[in-house]
Undergrad: 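If you scroll down you'll find the structure; I have some questions about it.
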Amino acid sequence: MSTRKYTALEQVRLDKIQRLREMGIEPYPPRAERTHTTQEARQAFEEAERQGKETGPEVTVAGRIRSMREMGKITFAHIEDEHGKIQLFFQANTLGKERLRFFNKMFDIGDFIQARGHLFRTRSGEISVWVHDFKMLAKAITPLPPDKRTKHTPFSDPELRYRQRYADLAVHPEVRDIFRKRAAIVRALRDFLDRHGFLEVETPILQLIYGGAAARPFVTYHNLLKQRLYLRISFELYLKRLLVGMFERVYEIGRDFRNEGISFKHNPEFTQLECYMAYADYRDMMDFVEQMLVEVVEKVLGSRKFTYQGHEIDLTPPWRRVALRDALREATGIDIAQHPTGESLLAAMKERGIEPPRAAPRGKLIDWLLSTYVEPKLIQPTFVYDYPRDISPLAKSKPDDPNTVERFELFIGGMELGNAFTELNDPLDQEARFLEMGRTYAADDEERHPLDEDYLQALRYGMPPNAGFGMGIDRLTMLLTDQPSIREVILFPHLRPEKGGATEGEKGQTPSTPERVFAKIAAATGEDA
RNA sequence: GGGCGCGUAGCUCAACUGGCAGAGCAGCGGCCUUUUAAGCCGUUGGUUGGGGGUUCGAGUCCCUCCGCGCCCA
């Protein structure tokens, strides 16, 4: 019994499976006997040609049928494996009429096949396998979608491409290339950090107290321990504990989870790199990041320059460094230094016809101005530095200006790519900041964070001065693969369920606070919350 | 969360002010011994995203729900 109804097209192929089995042919045999990839087969033939031969060696190739052209007593087909295609040539004189008919009738585009034969060139010059024998490796039931380049019927529906990424990948080699490049980026970052004395570590994803960023968490529940847990929104507080533990340089590459909106640059789970360097400050970190990205990009792309969405981006150092105050003054005419309070800043904004979406504290207004008026224009790599203290509770204040912290964000291609501070290592100041945040944020503000007493305890043992940096791997991949949406660089991006919509009983109401969610989870799992 | 747009055959898309749901591709049957967007002849295929309403009559108009995209938060 099937979990869904088969289409008429699928039914045809199911019938073929049935008939194959009746003929004693297993449509899903356990083993293949490939001797050459398509690439190796072509190379083998070219080698034979260099030796003056007209035919190449006998090879057994395997792959997915991508096209079939039946022409009476001969049939052409292309098969594809991971790295390329090769044409198969089936001829009645070689195989016998019945065997050729068997191929024509029982094999379809999308099936995996293995074919043995010698290599040759067709009259039109294409290297092909003159098939002596062939074998079904895996019968496809659902027809493959046509690829994007097919003139009449491109497979272009983004929803279907993301929902059925396997089909998208199967027919679009260039989509496979994005993920190869992504792997190369991560490898190059690791390599760079390892060579610079960083230790790669893994810290908890399930956390009792979340922190390190301003974001809403996903919540979950450990049944046996009756523990409320959060999926981490950043690695920051754990990695910095390791500096207390006398590791001087640590990094982690992994998944963060943020229970927030989805957009072309936001996915609920995304991959982050964070690294921490003892005895360095945020200026050292700028130099380090510059060096790291230049090297990574050169390794992956072979150049310091690349095009992102029509913009030529040049990573040749030194990158522009601009104080947040100057960047905002340039973009909006407002000097935030003249407006030490939210009220004053808001008044200045309104004077210039700038209307924020909602009333907010000073730091949040500045953040909004930055992302609205500055960020989209920062195409070339730019460090924006010196941020308001109240939106940076983990960063150290500037010695001469307690309301400004030593923090920078990195922008490339109009996107925020990374964030860094001279880390706050004064346990008393950190405690004061946590308490201050608790007062500034309304009790029901979902970005209000619980106070992490254990983190303060770690600081009390003494943490060396250090700088930390976090960067979105997905966004870096977007830049280096010239993709306009984060979904193009995540293999299985988050989508709503195709059917059903909201979970039963939750329609129309969002359980907005973790407390309410815990109550629901506990009820659903039969545990006391 | 808000605004705009989209949802029709397996895929890509048509269908005027409401009036017989169509094409190309693929599929199926046939012809074809060097094709590669093969070609030629014939042919099958529909819960028009789900539900409700208006109407003699709804793909089209109204309400609602679901999904996707773009823009805004």
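Every chain is numbered from 1, with letters handed out A, B, ... down the list of sequences.
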Undergrad: Is the phosphate of B:U35 approached by A:Arg69 (side-chain N or O, under 4.0 Å from OP1 or OP2)?
TA: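 It does not, given that no N or O in the side chain of A:Arg69 lies less than 4.0 Å from OP1 or OP2 of B:U35.
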
Undergrad: Has A:Lys105 got a side-chain N or O lying under 4.0 Å from the OP1 or OP2 atom of B:G30?
TA: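 Result: yes.
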
Undergrad: Using a distance-only test with no angle check, is there a side-chain donor-acceptor pair under 3.5 angstrom linking A:Glu10 and A:Thr142?
TA: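 On atom types as modelled, these side chains qualify, holding a pair under 3.5 Å.
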
Undergrad: Please determine, for B:U60, whether a Watson-Crick or G-U wobble partner exists with both distances under 3.5 Å, and give it or none.
TA: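 The base-pairing partner of B:U60, which may sit in any strand shown, does not exist here.
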
Undergrad: Whether the side chain of A:Ser67 and the base of B:U36 hold a donor-acceptor pair under 3.5 Å is what I'd like checked.
TA: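 No pair found.
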
Undergrad: Aromatic contact between A:Phe408 and A:Phe421, with the criterion being ring centroids under 6.0 Å apart: yes or no?
TA: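 Aromatic pair excluded; centres sit 6.0 Å or further apart.
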
Undergrad: Just how far is it from atom CZ of A:Phe120 to atom CZ of A:Phe89, taken to the nearest 0.5 Å?
TA: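 One gets 5.0 Å once the value is rounded to the nearest 0.5 Å.
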
Undergrad: Hunt down the Watson-Crick or G-U wobble partner of B:U54, both distances under 3.5 Å, from any strand shown, or write none.
TA: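 The answer is none; no pair meets the criterion.
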
Undergrad: Taking pairing as Watson-Crick or G-U wobble with both contacts under 3.5 Å, can you name the mate of B:U8, or confirm there isn't one?
TA: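 Base partner found: none.
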
Undergrad: Under 4.0 Å, heavy atoms only, any strand: does A:Thr122 hit a base, just the sugar-phosphate, or nothing?
TA: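 Result for A:Thr122 = base.
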
Undergrad: With the side chain of A:Arg123 defined as its heavy atoms from C-beta on, choose the nearest nucleotide among B:U34, B:G69, B:C28.
TA: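 In terms of side-chain proximity for A:Arg123, the closest of B:U34, B:G69, B:C28 is B:U34.
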
Undergrad: Going by purine N1 to pyrimidine N3 plus the second Watson-Crick contact, or the G-U wobble pair, all under 3.5 Å, which nucleotide sits opposite B:G27?
TA: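 Partner of B:G27: B:U43.
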
Undergrad: Looking at B:U35, does its base get a donor-acceptor pair with the side chain of A:Gln87 below 3.5 Å?
TA: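 Such a pair is found, so the answer is yes.
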
Undergrad: Does B:C70 have a Watson-Crick or wobble mate here (both distances under 3.5 Å), and if so which one?
TA: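 Per the H-bond distance test, B:G3.
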
Undergrad: Strictly below 4.0 Å: does A:Lys97 bring a side-chain N or O up to OP1 or OP2 of B:U33?
TA: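 Negative; the distance criterion is not met.
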
Undergrad: Please determine whether a side-chain nitrogen of the Lys or Arg among A:Glu80 and A:Arg64 lies less than 4.0 Å from a carboxylate oxygen of the Asp or Glu.
TA: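 Looking at A:Arg64 together with A:Glu80, the answer is no, because their closest N to O distance does not fall below 4.0 Å.
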
Undergrad: Any strand is fair game: report the nucleotide pairing with B:U48 by Watson-Crick or G-U wobble, both distances under 3.5 Å, or none.
TA: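 Partner of B:U48: none found under 3.5 Å.
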
